[in-house]
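Read the structure below first, then the notes.
Being a predicted model, the structure only gives us computed values, none of them experimental.
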Amino acid sequence: MAANDDGSGGETSADQFPFARSYQIEALEQAIKQNTIVFLETGSGKTLIAIMLLRHYAYLLRKPSPFFAVFLVPTVVLVQQQAENVRKHVDLKVEEYWGEKGVDFWKAADWKKQRDENQIMVMTPQILLNALSHSFLSLDDIKLLIFDECHHAKKKHAMALIMKEFYHRRLCDGASELPRVLGMTASPVEAKVSNSGKDYWEQINNLETVMNSKIYTCASESVLSGYIPFSTVKRKFYEDRELPYHVLEALKSNLSILRKKHEDKVSTTTLSTSSMQNAMKRLSKLHSAFVHCLTELGIFLALKAAEAYSCEKTDLFTWGQLDVRGESIARDFCKDATKVFCSYIPKEWSITQVNEATVSIGLLSTKVVCLIESLAEYRHVKDMRCIIFVERVITARVLTSLLCELHPKLFDWTTECIAGNHSAMQSQSRGLQNKIVEEFHKGMVNIIVATSILEEGLDVQKCNLVIRFDPASTVCSFIQSRGRARMQDSDFLLLVKSGDEKTLNKVNNYLLSGKRMRDESLSHASEPCGPLEKDLYDAVVYHVESTGATLSLSSSISMVYFYCSRLPSDGYFKPYPRFVIDKDRGTCDIYFPKSSPLPHVQVVGPTKMLKQLACLEACKKLHSMGALTDNLVPDTLEKEADDEQEAGFEYVEEQVQYIPPELVGFGDNSTNLYYFYKINLEKHFEYEIPLQDVVLAVSTELEFDNEGLTFDLEADRGNISVSLTYIGTCELTSEQIILTKQFQLIVLRVLIDRNITKLQKPVDFFKIKKDDDVAYDYLLLPSAGPDKAQMVVEWKAVRAAMFAYEREVNEHMCCLRGNEHQKVHTKNGLVCSCFMEKSLVCTPHNGRVYCTTGRLPGLNGNSPLEITEGGVVSYKSYYKKRHGIDLRHEEETLFAARQLFTVRNALQKSRHKDKESSSSAGVELPSELCFIIMSPVSITTFYSFSFVPSIMHRIESWSIAHNLKKMHLCHSMPNVNVPAMKVLEAITTKKCVEKFHLESFETLGDSFLKYAATQQLFKTLQDQHEGILSPKREKIISNDSLCRLGCNCNLPGFIRNEPFEPKTWIVPGDRSSSFKLEEEVLSDERKMYIRGKRVIKKKVVADVVEALIGVFLSEGGELAALSFMRWIGISVDFVNTPYTRALTLHPEKYVNIQYFEALLNYSFRDVSLLVEAITHGSYMLPEIPKCYQRLEFLGDAVLDYMITVHLYNKYPGMSPGMLTDLRSASVNNDCYAQSAVKCDLHKHILHGSQDLYRAIVTTVHEFDQLSLKTTFGWESETSFPKVLGDVIESLAGAILVDSGYDKDRVFQSIRPLLDPLVTPETLKLHPVKELHDICQKNHCEIKKSAKRTETDDGRFSFTIEVVKDDIVLKDSCMAADKKMAERLASKSVLKLLKEYLSAA
């Protein structure tokens, strides 16, 4: 039905349809009063009636009302089309639904969201049927239910089942609130009928009964003819002439020979069984299509069919799931058929020669010639819009090809083809179909050759000519195709074979059918709808009381198949139910895959219903076992309650940053008790300036671990060892506190800013008391030496801060006399030279800050100076020429000085070792140019304090880690001693660019978390298959889950995720910035302070959680790690639980016990575990009840964990990241698979898959050609079936369970199979990772593409292109699978890139 059938070219008003026709108003009035089926011609405006009814019900649908309307359309094509049409005219929220949107896998919460957000749902009937069956939607909430093309509501169609299984059952139960039903159709009769009115009424009555609706229609076509034009029906007869007999037989024979040839070719390939069957079916269908074209259309169009199918690439035709090798053989068959057909076409013949001779030699059939002649009669039509309806897709395709070749030889029309998009032989995208229809609207396309899809599918422009090339199969098809001819003076042309009385009578009957259906409907209009036959709605139905979900006999079979499809599978086995029906005994047995908790079901019943009864019984049992949820969907699709909690968690990347309370205070300057710590500095390099220890004073005692706090700094010239030592307590007076704060403020601000003008603002703010503000509050003082007395502080240097602004000029003189104590002129005035010798000065003429180191006897303003340009001048001349300054006291001695040191991040790893720059070299300064800031203060103090920001950043970070550690221990094991420095490592990311980061601990913690969660799920959910266990484990260990748990424990605030930047470091006591600290009380009443916010990705939080697990595991063992996991919110235990399951009787029949026990050096107490460990899912014999999937799930985790622990312990000094690379190289399926082949495990696997057998044979053959020194997989250039690696893991799982979860015993048994393990010396990065890392480091652009080749073995070709400096490095490699092809291509391009970079 057309979406724009409103019968008007005008716009819709806001609240009424003034252009509605009289019959539309009548239909609306009836639909408001009762359930109605609107039976009107195509183009008469049925959609407008539905829209008017929707607007009538709109007040009941507006939110917050829980009610909604459902608009059902028979095809996906119509969903978006009708939804858009409704949106244009109704101010309600409309949403559309179809299978590809993933609705089959939606859960109750997903549907609830749709109900809450939308008021009109447009969907296909099967979606609503499923949602009602699972009780995701309820009829009680639907106020209006619209069925477009409702004539489909019969038999087992979803429209009929919705009404029978839900509507009528609720009606029978006496429900009063049922949805209003509106059906729409151009023909209430769909099937073939006789010319008897009784037959018509029987079908109409059936439709009314199922729909519980009465038909509304017009009394005659004359009522509609005033509004819509009707086409003129014309019959065009063609003579039936067959292809010459000898030609036809010869061509059929040749096609049969070709088919046999290519079938033999298929049978000799290594295709899988299913692919081979698909290829054989494809050849059979191609053969049938060619024969059909020969007999019905002629040799030329058979040739066009062969050419279309043999086309290498086409948008119209694809090959579905056919293996690429089978596809290649099918195309070869088409190409050979093309050659055969070409041999029967005369070379001199042209398509324009449509004459008697063309027909006589069979090039075109008389029917095709009749079509061409009929179109030729309409050549005078300027704006042609024509649809040619055909039965088969291939007919549409070849007729389109023919008409395109005739353009513009016979007529100037453009032709396109529209065929269904679910054809078994070829398909056409909906996007392309919509594009063709749009071009048809615009006149760019004049003729569309179409299958039935255009009868009730796409919204097509009104036509002036519709041709039925093939006769309509039903009344409905006839009426709908005729309805496309809606232009004024349009024609509906029927091609009929001369003398075919049967077809002619059918056509005549179709022409009268409209009147007969109207007459029968009107004559019974006053009769109420009859009751549905009881057995139709009273059939066996399984009902779940808690949810209202139902399952009927008709839907039970599809549910069983759907359930099996959700079970675990691999490339060699797709789980499916196996049915054994014994008609003589009246029994049906269903055997389920081994991963199902229900192995077998048997029922007894009537032969016709056996399969349905068995499936319904199976579904009941699956539900009782929990394999089907209360909504009767597989439990793998159901959301658990805590998912809603996760869904409610919205992570915000902008997270706070914590500051430890030990370094924070109110800045109170009154007398206070301080805890003193000496920061000992020891340099490991030669440098003329010594280091001076620094004293840290805090008002809150720092809590040390037993080992204290030590770390290294990286200076420009080498390493500096730092250690923090507790000295004792001391009470400082208010004067000392103020003095110290002024000292550290001046020293550190000048060092950081290197600019004296920026110092004024902090000094001014310091004078303003703001004791009520929380800020960094600790003291940093220069140490006087090793003594632990109060005089450990060099107070003389501290008091130097008072020089510039609190002393009178005459105080700058000393009472001493001699050469060392002479008066000199400065910017401060006349001072004793001793004040200039060790002081902090600035030179206003250039704005620089210097530290003077002593007098330079013998040098004054008149002394010679070698300048960089060459030559010698006096200092006086230099300053005059360079700075325009006249030295007035040139006779005064000059002073040696150095520029201040640059404050750098000394925590950053592998810093560039700068040579001593000229800026830090010595200079000679006239005192009269200097302004003294501090005096006396040594250059040693400034050198030492240049490292203070880095030192305090590390102390602050360490204190943060210590607080996190204490916060955890308050809730768990208090006797676990985990060093705070290790905790700091776990909360420090790689972005900090320090010597340590979390990666090693993260890798260790990840493996333990995976194992802990795995064994917990394995023990507690013993009746659940791997397909349920894996998602449940993923929920526990996923980044989303770990991030949520980490946020619940305030972890983001502790994370260190940015490199230290000294320029933004806050000097304690500096209140000049807008920086403020905010207090936050954590869950355990522990107080922290917030220093702003920064961006932390969700994965970083998850990584820190894993790293902290790794820290507690490494330092405190598994119990400590489990304790931390419980604190974070992951509750698991290692309690041994017996593994209960159905046992394999007489396991010695299926497995060589001696071989395995010798191989594994282990004696099984329960040998049936060994049988389970080597049984693949394809081994369907019921004697072995389980396959290896559960044990593989467990073994994968324990091997990952044990190998990771082994590597971590064996190489304790490895750099962060090395453990990750070692683990990746050791724990992968290729490694395990190679080990399995080496010890001949493949010979013992129990399976029933021919594909797996072939893959193993090929793999073993290729493996024998290899000479591998190691087992890590990516050195190999062949891929391995995953099953081989799975068996190694399942054996590990079997040993773990059999040994009472003795992980060490597992490693002892499996470790020898994996020898030799990769070492740091033998490690080679995975080529894909290495190429990515190098490209990222060197800023290269990388492009990748993969495609399947059409070689006999169907290999993959992978191409990688790297662009560096406009140079393209490119290579392609082929392999049996995509991953291996990518690996080989990466290795090749990696080699090229390394050669290029080394040459550059």
Side-chain angles (χ1 to χ4, degrees), residues 688-689 746 750-751 754-757 759-760 797 800 803-805 807-902 916-943:
E688 67 270 18
I689 301 177
I746 295 173
V750 170
L751 279 168
R754 298 171 65 84
N755 189 319
I756 197 64
T757 57
L759 181 61
Q760 191 61 46
F803 184 91
Y805 51 87
R807 293 188 180 183
E808 299 294 333
V809 174
N810 57 13
E811 293 187 38
H812 299 331
M813 299 295 180
C814 74
C815 58
L816 300 176
R817 295 290 181 266
N819 292 335
E820 303 296 326
H821 299 277
Q822 298 179 356
K823 295 179 182 179
V824 293
H825 291 84
T826 67
K827 292 291 184 180
N828 305 71
L830 198 63
V831 302
C832 180
S833 61
C834 65
F835 286 105
M836 266 293 297
E837 287 189 2
K838 291 184 178 181
S839 62
L840 176 69
V841 303
C842 72
T843 51
H845 67 275
N846 59 8
R848 291 179 179 173
V849 183
Y850 299 90
C851 189
T852 61
T853 57
R855 295 177 66 218
L856 294 171
L859 280 184
N860 58 33
N862 295 317
S863 299
L865 169 66
E866 292 185 11
I867 58 176
T868 55
E869 293 84 358
V872 177
V873 298
S874 67
Y875 282 93
K876 181 175 182 178
S877 300
Y878 169 79
Y879 280 103
K880 177 64 176 177
K881 181 178 180 182
R882 182 69 179 269
H883 299 288
I885 297 174
D886 290 314
L887 292 183
R888 297 179 180 178
H889 310 284
E890 66 269 21
E891 73 285 353
E892 291 184 357
T893 303
L894 301 182
F895 289 83
R898 300 178 65 113
Q899 280 198 48
L900 287 185
F901 304 91
T902 302
E916 187 172 348
S917 62
S918 58
S919 62
S920 61
V923 296
E924 302 83 34
L925 293 177
S927 60
E928 64 181 281
L929 299 183
C930 299
F931 181 86
I932 303 174
I933 304 168
M934 294 178 66
S935 180
V937 60
S938 71
I939 194 168
T940 298
T941 300
F942 283 98
Y943 183 46

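The side-chain heavy atoms of I932 and T852, taken from C-beta on, include no pair separated by under 4.5 Å. Taking the side chain as every heavy atom from C-beta outward, V831 and V824 approach each other to under 4.5 Å. Counting heavy atoms from C-beta on, the side chains of F901 and I939 come closer than 4.5 Å. Contact check for V923 versus Q899: no side-chain heavy atoms found under the 4.5 Å cut-off.
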Practice problem: Would you please test L929 and H845 for side-chain contact (heavy atoms from CB on, under 4.5 Å) and show each step? | Solution: CA-CA 8 Å; L929 299 183; H845 67 275; 3.9 Å; yes

Quiz prompt | side-chain contact (heavy atoms from CB on, under 4.5 Å) evaluation trace for S833 with F895 | solution = CA-CA 9 Å; S833 61; F895 289 83; 4.0 Å; yes

Practice problem: Give the intermediate values and the outcome of side-chain contact (heavy atoms from CB on, under 4.5 Å) for residues N828 and F931. | Solution: CA-CA 6 Å; N828 305 71; F931 181 86; 3.5 Å; yes

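For C930, the side chain to side chain contact (heavy atoms under 4.5 Å, CB included) partners at least two apart in sequence or on another chain are M836, V841, T843, L925. With sequence neighbours excluded, no residue forms a ring pair (Phe, Tyr, Trp, His ring centres under 6.0 Å) with Y875.
Contact detail for G922 and R898: the closest heavy-atom pair is CA-CG, 4.3 Å. The two residues V873 and S877 make their nearest non-hydrogen contact at CB-CB, 4.3 Å. When all heavy atoms are compared, the tightest approach of K838 to S935 is O-OG, 3.7 Å. Nearest approach of E928 to H889, heavy atoms of both residues: OE2-N, 2.9 Å. The two residues G861 and L894 come nearest to each other via the heavy atoms N-CD2, 4.3 Å.
The backbone N or O of H825 sits less than 3.5 Å from a side-chain atom of S927, completing a donor-acceptor pair. R754 places a side-chain N or O within donor-acceptor distance of the main-chain N or O of L900, the cut-off being under 3.5 Å.
The environment of CD in E866 is sparse: at most 12 heavy-atom neighbours from other residues, nucleotides or ligands sit within 6.0 Å.
If you check the side chains of Q822 and T893, you find no donor sitting under 3.5 Å from an acceptor.
A distance of 5.5 Å separates NE2 in H883 from CG in N846, rounded to the nearest 0.5 Å. Interatomic distance, CE of M934 versus OG of S839, reported as 10.0 Å (0.5 Å rounding).
Under the salt bridge (Lys or Arg N to Asp or Glu O under 4.0 Å) criterion, the residue pairs touching residues 876-885 are K876-E890, K880-D886, with sequence neighbours excluded.
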